[in-house]
Amino acid sequence: VLACQKVRDKARLVAAHLLECAPSDVEFTEGAFRVRGNPDQAKTLAEISGAVFAAHNLPDGMEPQLDSEATYDPDNFSFPHGTHLVAAEVDTETGRVSIRKYVAVDDVGRVINPLIVEGQVHGGVVQGLAQALYEEAVYDEGGNLLTGSFAEYLLPSAADVPSIVVDRTETPAPGHPLGIKGVGEAGTIASTPAIVNAVVDALRPRGVHDIAMPLTPERVWRAANSSSEVTA
Amino acid sequence: VIPVAFDYVRPSTVDDAVSALRSAGDEGKIIAGGQSLLPVLRLRLAAPAMLVDLSNVTGLRGVRVEGDELVIGAMTTHADVASSPVVRAEAPVVAAAARTVGDRQIRHRGTLGGSLSHADPAGDLCAAIVAAEGTMVLHGPNGRRSVPASAYFTDLFTTAAQPDEVLVEVRVPRRPGWTAHYEKFHRTAQAWAVVGAAVAVRRENGAIAEVRVGLCNMGPTPVRAHAAEAALAGAVDLGTVKAAAAHAGDGTTPASDISGSAEYRRHLAGVLTARAVAKAAGL
């Protein structure tokens, strides 16, 4: 964003030069630099770029390029936040966990491309779900990896993933010029504890307070049926 | 990832296939749909010197009725077995298991004969053929012989077929009026069964008259749960079914591995058998 601003500021000088007016009389709207009060007098960004490339009619001493680099040193971190809710069903006879409903509400600041943001949330949720229920590097006593292929190291496929309801609030980040935050890890961070907590909550009447991840069916079955508080 | 080099022949008759296997000695391997064999080759768990491809052999595909038997060609795909109205009517437990194999692509390539020859203890069809009391017809240098399911699966990934015998068809007693269900417990949609229960039921006056139970992954071979079958006969409600099915794991020797301990598998066998019986019988 800061690099774009530098490009825009430099292009404004070129536009003012070509339009024979003061840079302060030029405004940038809808992809073109226009003379304030006389919007038909305009140079598009493409025209500016062509003039810079041709380099024979530029303000004195200006380097003929629009390249720009900027380093962003934020005043503060951005704080994406959110809440994920999971309704899980536990089959206490087999230990199978089924996710009945998944709702993810995140605040990742200002959203520029909603499709990409939702895709990031979906992907993150599934990664976290995999950590909660499936993925595990298992070694034998001799230190040999027993989960060396995707036949043993389980990953969920589309058929194993619930439909995910994605919603958001949009609170612009104060420390960023566009108000954006991060979204990449939002799903991953929330989904693992949300799923595990849902399962533990479902088994709370049976005296279960924790189950080691991943929640394999056998671990869940043992947890559901081993507590001394079982009364059923 | 890349198999060891092998010779490849594609005969057009079973006799030619047998000759090719004879010439390869112990180093020949039949390839049907390739859904079990190719991963094994690519992981270099096996390195046969010759592959004998049965895809050009005519007469090994399809389903027909002969007297009181249903005859399923060894090269019939899982998809064709699952969708065959004849199999669904006469041997519903086989159709039910075929429906659950792998994924859609695998079911359209993989074959009944391939699954039964591979003899994976986790194989869905192996358990179903045990429950259906099927007979394997093997074609060798001296003609054909029949081996019942109870004698066909001899050990882990091992069958009674000799290296120069081709499994050509599976004969299943017709059981019209029986209902069936295959209850497969697997961790993800495409994973192998941790345990699977293939169940066929005949009802009489509302009660369960006869039951056949085949289990996969409860030992080195698919097993028949005779004790549970006997206990289930006469069951009339879910309570008696559950109590009787709890015997399904009796006498089995399942492995303990990353998918589950032997104790868990024995427990699952009872639960899955009860569920399969309940669904098959409409309880």
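Nothing here was measured: the structure is a model prediction, and the numbers come from that model. Every chain is numbered from 1, with letters handed out A, B, ... down the list of sequences.
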Query raised in the report: When you look at CZ of B:R109, are more than 12 heavy atoms from neighbouring residues, nucleotides or ligands closer to it than 6.0 Å?
Result: no
**Report entry** Side chain / backbone / both / neither for A:T216 at chain B, heavy atoms under 4.5 Å
**Finding:** both
Query raised in the report: Distance-only, no hydrogens or angles: does the B:H267 side chain make a donor-acceptor pair with backbone N or O of A:E93 under 3.5 Å?
Result: yes
Query raised in the report: Relative to chain B, which segment of A:L154 carries a heavy atom at a distance below 4.5 Å: side chain, backbone, both, or neither?
Result: side chain
Requested in this report: Tell me, for A:Y134 versus chain B, whether the close heavy atoms (under 4.5 Å) come from the side chain, the backbone, both or neither.
Outcome: both
Query raised in the report: Are A:E152 and B:R187 close enough for a salt bridge, meaning some N to O gap below 4.0 Å?
Result: no
Query - From A:S149 atom OG to B:L43 atom CG, the distance as rounded to the nearest 0.5 Å - result: 6.5 Å
Requested in this report: Please determine, among B:A189, B:G260, B:A191, the option with the most heavy-atom pairs under 4.5 Å with chain A.
Outcome: B:A189
Query raised in the report: Taking atom CG of A:L155 and atom OG1 of B:T188, what is their separation to the nearest 0.5 Å?
Result: 8.5 Å
Report task. Test the A:R96-B:F185 pair against the cation-pi criterion, namely NZ or CZ under 6.0 angstrom from the six-membered ring centroid and within 45° of the ring axis. Result -> yes
Report task. Could you check A:R222 against B:E263 for salt bridge (charged side-chain N to carboxylate O under 4.0 Å, His left out), going step by step and ending with a plain yes or no? Result -> CA-CA 11 Å; A:R222 287 191 183 282; B:E263 180 195 3; 2.8 Å; yes
**Report entry** side-chain contact (heavy atoms from CB on, under 4.5 Å) between A:T94 and B:R275, intermediate numbers included
**Finding:** CA-CA 11 Å; A:T94 65; B:R275 290 181 182 184; 3.7 Å; yes
Query raised in the report: Within a reach of under 6.0 Å around OH of A:Y72, are more than 12 heavy atoms found that belong to other residues, nucleotides or ligands?
Result: yes
